[in-house]
Amino acid sequence: MSAPANVCVVIPAAGLGERLGLDQPKAFVSVNNWSLLSLTIRRVLDIARVGHLIVAVPLDFKTEALEHIDRAMRDANKKIPFDVVVGGETRTQSVKNSLLALDQLDSFVLVHDAARPFVPQSVFESVIGKLDSGAKVVIPVIPVSDTIKTVNEKSEVVNTLDRTQLRAVQTPQGFAREVLSEIYATTDLKPTTDDAGLAEIAGINVSTVAGSVESFKITTPFDLEMATNFMNRK
Ligand code: CTP
Ligand code: MG
C-alpha cells in the first residue's frame, strides 16, 4: 500500500468581520481568551494527516497571526510547516492568494474558514476519507430545518423551495490539489461564498459528506455569544 496522501489545510482568515462589528478582524476576536484563529488551528492540529497549513490574514496582521499559530501549536504540542499570506478583498481572492503557497507534496487541500472554530475532527476525517476514495471535490452539508422561500425585491414571497432537497453548506471543503489550483486559475473569479461553487461553475462533480451542527459559523454578535456558551458547556 502506498503512503496516505498529504493534506494541506488553507484557512481564510482575512475577512474584516463587518457583521460582527468589533474593532478587529473576526479571526482575531477572542472567545474565552482564545482567538477564533487559534481555536481553529488547534482543531486542525488534531488531524494526524494534516502536514501543511496556510493562513490568509488581513494586511498588517502577519506578525500577529504568528502569535496565534504559535499558541495553537504549543497547546497541541505539535508543530507542522505553515505559511502566512496576505488575503484579498474577497474570500475568493484570499483563497487564491493562499494557493500560491501550496507545495507539490500537498495532494489534498482542505479549505476551512477561521469563522468555524468548533468543527469536529470527524468532519475533517469524513472529507479526507471521501477524497481517499477518489472524489475530487467534497463538501460537508447538514439538512435545513427552516422552511426556505425566495422573495422578490419587494420582499414578497415568490415560491417555497423543497426542503428535502436543500442542504446548508459548511467547511472544510476538500479538493484534489490539481483540481483546486485549476478552478482558481481558470474561472473568472466571480466571488463565490464557497470554493465548491467554482467547481460547480467548471462542471466538476461535487460530493457531500455529513457536516455537524457544532461546526456553526460565527457571523453576528449572537453567534459569538453562542460560541462562548459552547466553550463553557459541561
Ligand atoms: N475571508 C477572507 N478574506 C476575505 C473575506 C473573508 O479570508 N476578504 C474569510 C473570513 O476571515 C472567514 C471566512 O472567509 O474566516 C468566511 O467569511 P465571513 O464569515 O464572511 O467573514 P468576514 O468576511 O470576516 O465577515 P463579514 O462578511 O461580516 O465582514
Ligand atoms: Mg464576508
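Note that the structure is predicted; figures quoted are calculated from it, not measured. Residues take their numbers from the sequence shown, with the count starting at 1. Counting convention: from 1, in listed order, for ligands and their atoms alike. Just the heavy atoms: all of them, side chains too, but no hydrogens, waters or symmetry mates, feed the values below.
Near Lys217, the atoms of ligand 1 lying under 4.0 angstrom from a non-hydrogen atom of the residue are 16 (C), 18 (P), 19 (O). Contact atoms of ligand 1 toward Ala13: 7 (O), 11 (O) (distance under 4.0 Å to a heavy atom of the residue). Ligand-side atoms of ligand 1 in range of Leu16: 24 (O), range being under 4.0 angstrom from any heavy atom. Close contacts between ligand 1 and Ser94 involve ligand atoms 2 (C), 3 (N), 4 (C), 7 (O), 8 (N) [criterion: under 4.0 Å to a heavy atom].
Sequence neighbours left out, the pairs with a member in residues 119-166 that pass ring-ring contact (aromatic ring centres under 6.0 Å, His included) are His112-Phe124.
If you look at Glu89 next to ligand 1, the close heavy atoms, those under 4.0 Å, all belong to the backbone. When non-hydrogen atoms are compared, ligand 1 lies under 4.0 Å from the backbone of Glu18 as well as from its side chain.
Counting protein heavy atoms only, atom 11 (O) of ligand 1 is closest to Gly15 N, 2.9 Å. The protein heavy-atom contact nearest to atom 27 (O) of ligand 1 is Arg19 NH2, 2.9 Å. When hydrogens are left out, the protein atom nearest atom 18 (P) of ligand 1 is Lys26 NZ, 3.6 Å; that is the closest non-hydrogen contact. In terms of protein heavy-atom proximity, atom 9 (C) of ligand 1 is closest to Pro12 O, 3.5 Å.
With hydrogens and angles left out, the side-chain atoms of Asn97 and Gln93 include a donor and acceptor closer than 3.5 Å. Using modelled atom types and a 3.5 Å distance limit, the side chains of His52 and Asp106 yield a donor-acceptor pair.
A salt bridge does not link Arg71 with Asp75: every distance from a Lys NZ or Arg NE/NH1/NH2 to an Asp or Glu carboxylate oxygen is 4.0 Å or more. Between Arg19 and Asp223, none of the side-chain N atoms (NZ, or NE/NH1/NH2) sits under 4.0 Å from a carboxylate O, so this pair counts as no salt bridge.
Proximity of a side-chain donor or acceptor of Ser38 to a complementary backbone N or O of Trp34 within less than 3.5 Å is not detected.
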